[in-house]
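Take a look at the structure below.
Along the sequence shown, residues carry numbers from 1. The basis for the numbers below is simple: all heavy atoms, side chains too, and nothing from hydrogens, waters or symmetry mates.
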Amino acid sequence: MDAIILFVLVLGLLFVGVPVAVSLGLSSILVIAFFSEDSMSSVALQLFTASQNYTLLAIPFFVLASAFMSTGGVARRIIRFAIATVGHFRGGLAMASVLACMLFAALSGSSPATVVAIGTIAIAGMRQVGYTKEFASGVIANAGTLGILIPPSIVMVVYSAATDVSVGRMFLAGVIPGIVAGLMLMIAIYFMARVKNLPAEPWKGFLELMEGGKEAGWGLFLIIIILGGIYGGVFTPTEAAAVAAVYAFFIALFIYRDMGPMKDTPWVSDDDSKRARVGFNGTVYGAAFFFVWMILSFFATAESGTVTVAGRAQLGVVLSLVIMTAYVMWRGQEGIAKVPAHLVAGLPIWGRNLALMGRNIFTVFFNEDTRKVMVDASKTTIMLMFIIVNALLFAHVLTGERIPQAITEVMLDAGFTWFTFLIAVNVLLLIGGQFMEPSGLLLIVAPVVFPIAIELGVDPVHLGIIMVVNMEIGMITPPIGLNLFVTSGITGMSLIQVVKAALPFVAVLFVFLILVTYIPELSTMLPYALMGPEIVTQ
């Protein structure tokens, strides 16, 4: 009886337009106050316990990193690299948009942020070369959903917090499904491009591929820092999120200079001589290699007792000098004897830029752009945390009233197996995803279905990926599909037009959902190989 009252209260409040967080929290408090034997003091205790959840601390940092990386410059560089990679295929610009969404997803962890950052540039580019607005919008709306599947994913952190599943295993589990989903969308685009006779970009050679990778490299290196740091045993997912936020701040304001007081100030000016440019670029490549070498070697040897910092640094310096010398000789087209002259000529460029950065070292923290990013990230974090805390209170009521156990017994008595159970979960989430925001829906459903899944032998990490893929589809199905609204906003199309445009690609994601549901190895292969299976104690 208590279960019926609880769910009727939640659904009734949602139906009359009460926010998700308030619906969950208010329903839980009413049930505890009037129908449960639990004490009201448990509400305060549960809220306090939820606020101390270490895993949840990753969310504000990932949101902040996403906000800094969601600048136009980062997205533009990623799109250039993606076009250089796959743009020469039929329908290549659309395929490049999918690849760009995959790469940006690995930086942001958010679907709406991926749609906005990539879509505002990619849709305009596709329109210029002959793609219809409907086709371009459908591609971006669907590819943007990869933002919550490819790690790091904020939704995966939410699932981990709700079920006590390892965040690291969830991130690993999303890698192969994320790549498979992107490839399936690209294959669908290729065949549609053959039918529609869509254009292909000219192959610009490996030099353009290298140039595009070099421009996007500083942003994409964030992927290495997050995943390499976690799986190299250097820091936890929460610590990785904090490092990502600091790195994204530094890259956006000091390296790319897409925002802040140094916005649009180039590192090299037109007045600099060729020798100075070559010398400066040579030292940049050398310093960049040393930076990357020290981080990657640290990840690789963090648990080694024989490799020292001094040894890694000495080898890094030697390799950096070799790269610096080779670049200057290649670009300067002079002998090795002229290398020092080039390097000395580049020193004034370094001096000018270091002086500029020194003058703005404090103003970057209080600049209008930085303030806006911080405020936007704070709003998103507060919204998510308010939903999560109330959802954890809801889960507490479910557990206290033994509602999941009662549902489990009913399903087992009805003859449910893991196969039919997963069908039921998919149907429930696909219907719920049409009406609710992913984090809120996941936090309502996960505490109910998780114990049932464990009882039926479903791997908890596999269940998490199934739920995330359902959340993906929910973001592009009306009436509350968030990606549909975001795509409509950046294109000026009506919601109905965006829905029709996204429909063919939604079918691809449905096929992908079936694959993920019934081929658990897609989700569990990497976590099992690198971290072992998730152990759940009940």
Review point. With no hydrogens and no angle check, is any side-chain donor or acceptor of Ser137 less than 3.5 Å from a backbone partner on Glu134?
Key: no
Review point. Would you call Val445 and Leu441 a side-chain contact if the rule is heavy atoms closer than 4.5 Å?
Key: yes
Check your understanding: In Å, rounded to the nearest 0.5 Å, how long is the span from CZ of Phe386 to OG1 of Thr381?
Key -> 15.0 Å
Check your understanding: Could you give all pairs that pass the side chain to side chain donor-acceptor pair (under 3.5 Å) test and reach residues 509-523, with sequence neighbours left out?
Key -> Asn426-Thr517
Review point. So which heavy atom on Trp418 is nearest to which on Leu456, and how close?
Key: CB-O, 3.8 Å
Review point. Residues two or more places apart in sequence or in another chain: which of them pass side chain to side chain contact (heavy atoms under 4.5 Å, CB included) with Ser153?
Key: Ile148, Val155, Met156
Review point. Counting distance only, does the side-chain N/O of Thr120 pair as donor-acceptor with the main-chain N or O of Val116 below 3.5 Å?
Key: yes
Practice item. With sequence neighbours left out, write down each residue that passes side chain to side chain donor-acceptor pair (under 3.5 Å) with Asn390, or none if nothing qualifies. Key: none
Check your understanding: At what distance, to the nearest 0.5 angstrom, does CG of Leu442 lie from CE of Met467?
Key -> 4.5 Å
Exercise for review: Answer yes or no: is there a donor N or O on one side and an acceptor on the other, between the side chain of Thr487 and the main chain of Leu484, under 3.5 Å?
Suggested key: no
Exercise for review: Evaluate the side chain to side chain contact (heavy atoms under 4.5 Å, CB included) criterion for residues Ile387 and Val158: first the C-alpha distance (whole Å), next the side-chain angles of each, then the deciding distance (0.1 Å), finally the verdict.
Suggested key: CA-CA 10 Å; Ile387 293 173; Val158 172; over 6 Å; no
Review point. What's the shortest heavy-atom distance between Gly219 and Met69, and which atoms?
Key: CA-CE, 4.0 Å
Without placing hydrogens or testing angles, list every side-chain donor-acceptor pair under 3.5 Å for residues 495-513, not counting sequence neighbours.
unit_1: Gln497; atom_1: OE1; unit_2: Ser494; atom_2: N; d: 2.9
unit_1: Gln497; atom_1: OE1; unit_2: Ser494; atom_2: OG; d: 3.3

Check your understanding: Considering only heavy atoms from C-beta outward, does the side chain of Met475 approach that of Pro112 to under 4.5 Å?
Key -> yes
Review point. With Pro447, which residues qualify under side chain to side chain contact (heavy atoms under 4.5 Å, CB included), at least two apart?
Key: Ala395, Leu398
Can you give the donor-acceptor pairs under 3.5 Å from side chains of residues 176-198 to other protein atoms, not counting sequence neighbours?
unit_1: Asn197; atom_1: OD1; unit_2: Arg90; atom_2: NH1; d: 3.3

Practice item. Decide side chain to side chain contact (heavy atoms under 4.5 Å, CB included) for Phe62 and Ile226; before the verdict, give the C-alpha distance in whole Å, the side-chain angles of both, and the deciding distance to 0.1 Å. Key: CA-CA 10 Å; Phe62 277 132; Ile226 295 173; 4.1 Å; yes
Review point. Do the side chains of Pro151 and Leu172 get nearer than 4.5 Å, heavy atoms only?
Key: no
Check your understanding: Where do Ser27 and Leu13 come nearest, in terms of heavy atoms and distance?
Key -> OG-CD1, 3.5 Å
Review point. Can you tell me how far CD1 of Ile123 sits from CE of Met493, rounded to the nearest 0.5 angstrom?
Key: 8.5 Å
Check your understanding: Between the side chain of His462 and the main-chain N/O of Leu522, is any donor-acceptor distance below 3.5 Å?
Key -> no
Exercise for review: Kindly write out the residues that satisfy ring pair (Phe, Tyr, Trp, His ring centres under 6.0 Å) with Phe485, not counting sequence neighbours, or none if the list is empty.
Suggested key: none
Which donor-acceptor pairs under 3.5 Å do side chains of residues 100-108 form with protein atoms, sequence neighbours excluded?
unit_1: Ser108; atom_1: OG; unit_2: Phe104; atom_2: O; d: 3.3
unit_1: Ser108; atom_1: OG; unit_2: Ser110; atom_2: N; d: 3.3
unit_1: Ser108; atom_1: OG; unit_2: Ser110; atom_2: O; d: 3.4
unit_1: Ser108; atom_1: OG; unit_2: Thr114; atom_2: OG1; d: 3.2

**Study point:** Residues which pass side chain to side chain contact (heavy atoms under 4.5 Å, CB included) with Val425, listed by chain and number, not counting sequence neighbours
**Key:** Phe421, Leu429, Val449
Review point. For Met95 and Val139, what are the C-alpha separation, side-chain angles and deciding distance, and is it a side chain to side chain contact (heavy atoms under 4.5 Å, CB included)?
Key: CA-CA 9 Å; Met95 295 169 68; Val139 168; over 6 Å; no
Point to revise | Closest non-hydrogen atom pair between Gly25 and Leu393, with its separation | key: O-CD2, 4.1 Å
Point to revise | Qualifying salt bridge (Lys or Arg N to Asp or Glu O under 4.0 Å) pairs, either residue in residues 472-483, two or more places apart | key: none
Exercise for review: Go through the steps for Leu463 and Tyr159 under the test side chain to side chain contact (heavy atoms under 4.5 Å, CB included), then give the verdict.
Suggested key: CA-CA 10 Å; Leu463 177 67; Tyr159 174 80; 3.8 Å; yes
Check your understanding: To the nearest 0.5 Å, what is the distance between CD (Glu239) and CD1 (Ile230)?
Key -> 10.0 Å
Review point. About how many Å separate CG of Leu30 and CD1 of Ile5, when rounded to the nearest 0.5 Å?
Key: 10.5 Å
Check your understanding: Quick one: side chain to side chain contact (heavy atoms under 4.5 Å, CB included) partners of Ala122, sequence neighbours excluded?
Key -> Ile79, Ser97, Ile118, Met126, Ile140
Check your understanding: Which pairs with one or both residues in residues 372-381 pass salt bridge (Lys or Arg N to Asp or Glu O under 4.0 Å), sequence neighbours excluded?
Key -> Lys372-Asp376
Exercise for review: Supply the atom-to-atom distance Arg169 CZ to Thr524 OG1, rounded to the nearest 0.5 angstrom.
Suggested key: 12.0 Å
Point to revise | Minimum-distance pair of heavy atoms, taken over all atoms of Ala162 and Leu443 | key: CB-CD2, 3.6 Å
Review point. What heavy-atom pair brings Ala113 and Ser66 nearest, and what distance separates the two atoms?
Key: CB-OG, 3.7 Å
